[in-house]
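This report concerns only the one structure given below.
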Amino acid sequence: MKLPDWAAEPLRLAGLSRQEIDGLVTDTPVEEQNEAMRRAELELERLDAEIEDLEAILAARPSRTLDEIEARLGLVLERLRDDVATSPDDLYYDERDARTLAMLERVHADCRTLLARDRRIPERTVALHEGNVISYRFKAMADASGLQECPDLPQTGDA
C-alpha cells in the first residue's frame, strides 16, 4: 500500500524521505512504525520551535522598507486566515474578527498596489537650484520646495 501524495506531503516537509513514508504504511512491525512516527513528531516539534524563533526575530526587527512591511503583513494575514472564521455559518465565526481580517486584507492589497505602481513610474530627473540631482519620485516634494525640473537632463529609466 502506498500513501497518496497529498497525505505524504506533510511528512515529506518534516524531513522524511519517500522510502520512510512508504515504510510507515507497509507491513513493518508496529514498533518500527511507532519509532518512525516519533521521529516525525520530534522533527515537526523542532521545525515549529525554529519557526517560532524566526518569527520572534522578525517581530523584534523593525522594517526598513515598504517591501518588508508588505511581506510581514502577508505573513500575518496567512496566519490569521488559518485562525479566523469568515463564514457566518461557521460555529467559531466572530463578526468583529472577520471585519478586522477584511480590513487587514484591504491594507495589504493597497500596499501591494502602491508598491507595484511605484515600480512602474519611470524615474525622471529633477534638479535643485544648486544643481544637485534627485529622482522623479520626490518631484512633489521638490515642487513644494520650489525646485525646478531640468528637462535637458537625461532620463534615468525605470526605478
Side-chain angles (χ1 to χ4, degrees), residues 1-124 134-145 156-159:
M1 182 172 134
K2 186 174 180 169
L3 202 59
D5 288 338
W6 63 267
E9 186 62 19
L11 296 171
R12 190 190 62 75
L13 290 174
L16 271 68
S17 70
R18 187 66 206 195
Q19 288 175 332
E20 290 171 319
I21 294 169
D22 290 342
L24 292 173
V25 294
T26 60
D27 294 332
T28 57
V30 173
E31 295 83 23
E32 285 182 36
Q33 291 179 3
N34 289 340
E35 177 62 24
M37 287 303 291
R38 191 185 68 69
R39 282 195 320 263
E41 288 172 0
L42 288 174
E43 182 63 15
L44 285 173
E45 288 174 13
R46 186 192 67 77
L47 289 172
D48 283 341
E50 187 176 331
I51 289 169
E52 287 177 15
D53 292 343
L54 292 171
E55 286 176 344
I57 292 168
L58 191 60
R61 185 177 163 263
S63 297
R64 290 181 172 67
T65 66
L66 289 176
D67 286 320
E68 284 184 40
I69 292 170
E70 186 271 330
R72 288 178 185 202
L73 186 55
L75 290 172
V76 169
L77 282 171
E78 282 181 35
R79 176 75 52 87
L80 286 175
R81 284 183 192 117
D82 290 342
D83 295 340
V84 174
T86 56
S87 171
D89 298 330
D90 194 310
L91 176 64
Y92 299 103
Y93 176 76
D94 181 279
E95 186 176 350
R96 186 175 181 190
D97 290 347
R99 231 182 9 255
T100 301
L101 178 61
M103 286 188 287
L104 285 172
E105 286 176 332
R106 178 74 262 158
V107 169
H108 186 236
D110 291 346
C111 188
R112 282 194 328 259
T113 299
L114 290 172
L115 286 169
R117 185 190 71 196
D118 284 348
R119 288 185 186 107
R120 288 191 308 263
I121 294 175
E123 188 171 299
R124 292 180 25 209
I134 62 174
S135 77
Y136 178 71
R137 285 206 179 102
F138 300 105
K139 184 174 184 330
M141 291 184 341
D143 290 343
S145 304
T156 59
D158 287 342

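Atom CG of L101 and atom CG of L77 lie 6.5 Å apart (nearest 0.5 Å). One distance of note links CG of L16 with CE of M37; it measures 9.0 Å at 0.5 Å rounding. Remark: L66 CG to L73 CG distance equals 11.5 Å, nearest 0.5 Å. Distance check: N34 CG to E41 CD gives 9.5 Å after rounding to the nearest 0.5 Å. To the nearest 0.5 Å, atom CD1 of residue I69 and atom CZ of residue R64 are 12.0 Å apart.
Using a distance-only test at 3.5 Å, with no hydrogens or angles considered, no donor-acceptor pair links the side chain of S63 to the main chain of T65. A donor-acceptor pair under 3.5 Å is formed between the side chain of H108 and the backbone N or O of E70. The backbone N or O of S17 sits less than 3.5 Å from a side-chain atom of E20, completing a donor-acceptor pair.
Between A40 and A14, the shortest heavy-atom contact is O-CB, 4.5 Å. Nearest heavy atoms, T86 versus P88: O-CD, 3.7 Å. The nearest pair of heavy atoms linking A85 to A98 is O-CB, 4.0 Å.
Taking 4.0 Å as the cut-off between side-chain N and carboxylate O, R38 and E35 count as a salt-bridged pair. Salt-bridge annotation for R18 and D5: present, with a side-chain N of the basic residue lying under 4.0 Å from a carboxylate O of the acidic one. Using a 4.0 Å cut-off between a side-chain N of Lys or Arg and a carboxylate O of Asp or Glu, E9 and R12 qualify as a salt bridge.
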Under 3.5 Å, which donor-acceptor pairs do the side chains of residues 44-62 form with other protein atoms, sequence neighbours left out?
unit_1, atom_1, unit_2, atom_2, d
R46, NE, E43, OE1, 3.3
R46, NE, E43, OE2, 3.4
R46, NH1, E50, OE1, 2.9
R46, NH2, E43, OE2, 2.6
E55, OE1, R79, NH2, 3.3
E55, OE2, R79, NH2, 2.3
R61, NH1, E68, OE1, 3.3

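Residues passing the side-chain contact (heavy atoms from CB on, under 4.5 Å) test with L114 are R117, sequence neighbours excluded. Under the side-chain contact (heavy atoms from CB on, under 4.5 Å) criterion, D110 pairs with R106, not counting sequence neighbours.
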